[in-house]
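Read through the structure below, which is laid out as C-alpha cells, and then see the notes.
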Number of protein chains: 2
Amino acid sequence: MQDPTEVFRALADPTRRQILKALKRKDLPAGEITAMFNISFPSISRHLSILKAAGLVSERRQGNSIIYSVNSEHLALCLSEFISAVCPTEIIERHRSRKKP
Amino acid sequence: MQDPTEVFRALADPTRRQILKALKRKDLPAGEITAMFNISFPSISRHLSILKAAGLVSERRQGNSIIYSVNSEHLALCLSEFISAVCPTEIIERHRSRKKP
DNA sequence: ACAATATTTAGCTAATTTGCTAAATAGTTA
DNA sequence: TAACTATTTAGCAAATTAGCTAAATATTGT
C-alpha cells in the first residue's frame with residue numbers, strides 16, 4: 001500500500017465523509033450531491049476532486065452528467081491496513097464482528 | 001460514536017501515524033519519541049497533544065517522564081465504524097481476514 | 001454551429017496547521 | 001528549597017485548506 005496520507009486527509013473533512021456516505025446508497029452526479037449541502041457547487045467539485053485524488057471515488061460520464069461512486073475497496077483496504085499496523089491482534093479480533101448500531 | 005473529525009485529522013499527518021506505530025511496539029516517553037524523528041521536541045509535544053485530544057493516546061507519569069501509549073480500542077472503533085458506514089457488507093467481509101503482509 | 005446544461009478551473013480571503021526558538025511549568029532528587 | 005530533567009506553552013513565519021464568485025470547458029440536443 002502506498003502512503004495513505006491523501007486518504008486520511010481526504011477523510012478529515014466532514015463534508016467529504018458525508019459525500020462518501022451518500023454515495024454508499026447510490027451513485028450520484030455532482031449536481032445532486034451539491035443539492036444535499038449548503039455549499040456552493042465549485043466547493044463540492046473541489047471536494048470531489050480531492051476524494052478522487054485519494055482514490056476514494058471514481059467518476060463516469062453518463063449523458064450530460066458525471067456520476068460519482070465510492071471505491072469502497074480502496075477505502076476498506078487503507079483503513080484496515082492501518083488498523084493492523086497500530087492495533088494488537090486481540091483488539092482487531094474484537095472489532096471483526098462489529099455492525100453499525 | 002461522536003464526531004470522528006478529530007480522529008481523522010490526527011491521522012492525516014504522517015508523523016503522527018509514525019508515532020502511533022512506534023507506540024504499538026512499546027509505550028514510550030515523549031523524549032524517546034522525539035529521538036526517532038528529525039523534528040524538534042516542542043513539535044512532537046504538539047503532535048502528542050493532538051493525538052491525545054483525538055483520544056488516540058493516553059499518558060501516565062512515571063518518575064520524571066510522561067509515558068505515552070496507544071488507545072488501540074478507540075482507534076479500531078472509529079475506523080471500523082466508518083468503514084461500516086461507507087462500505088457494503090460484502091467488501092467488509094473480504095477485509096476481515098486481512099493480516100499485515 | 002448554437003444554445004443549454006453540468007461541471008471544473010482561477011483567483012481571492014480568512015482560518016488553520018506545521019515547523020521553529022525561547023520561555024514557562026511540573027515533578028524529582030540532592 | 002534549589003537545582004535538575006522532562007515536557008508544554010507562547011509567539012512567529014510559511015504553507016495549506018475551505019469557502020466564495022466569476023469565468024472557462026465539455027457534452028448534449030436543436
Opening and closing nucleotides of DNA chain D in contact with chain B, under 4.0 Å to non-hydrogen atoms: D/dT5 to D/dT9
Side chain to side chain contact (heavy atoms under 4.5 Å, CB included) evaluation trace for B/R61 with B/S65: CA-CA 6 Å; B/R61 183 169 277 274; B/S65 317; over 6 Å; no
Intermediate values then yes/no, side chain to side chain contact (heavy atoms under 4.5 Å, CB included), B/N71 and B/S58: CA-CA 7 Å; B/N71 285 345; B/S58 305; 2.7 Å; yes
Partners meeting side-chain contact (heavy atoms from CB on, under 4.5 Å) with A/N38 (sequence neighbours left out): none
Aromatic ring pairing B/F8/A/F8, orientation class (parallel under 30°, perpendicular over 60°, tilted between): tilted
DNA chain C: 5'-proximal contact among A/I66 and B/T15 (nearest heavy atom): A/I66
Main-chain N/O of B/V7 paired with B/H74 side-chain donor or acceptor, under 3.5 Å: no
Whole angstrom value for the distance that separates P of C/dT17 from CZ of A/R9: 10 Å
Stepwise side chain to side chain contact (heavy atoms under 4.5 Å, CB included) test for B/L56 and A/V86: CA-CA 11 Å; B/L56 294 175; A/V86 170; over 6 Å; no
Separation of atom CG in A/N64 from atom P in C/dA6, rounded to whole Å: 6 Å
B/D27/B/R60 salt bridge by N-O under 4.0 Å criterion: yes
Contact list for DNA chain D against residues 34-62 of chain B - heavy-atom distance below 4.0 Å: B/F41, B/P42, B/S45
Chi angles and distances behind the side chain to side chain contact (heavy atoms under 4.5 Å, CB included) call for A/I67, A/E59: CA-CA 5 Å; A/I67 309 287; A/E59 60 182 28; over 6 Å; no
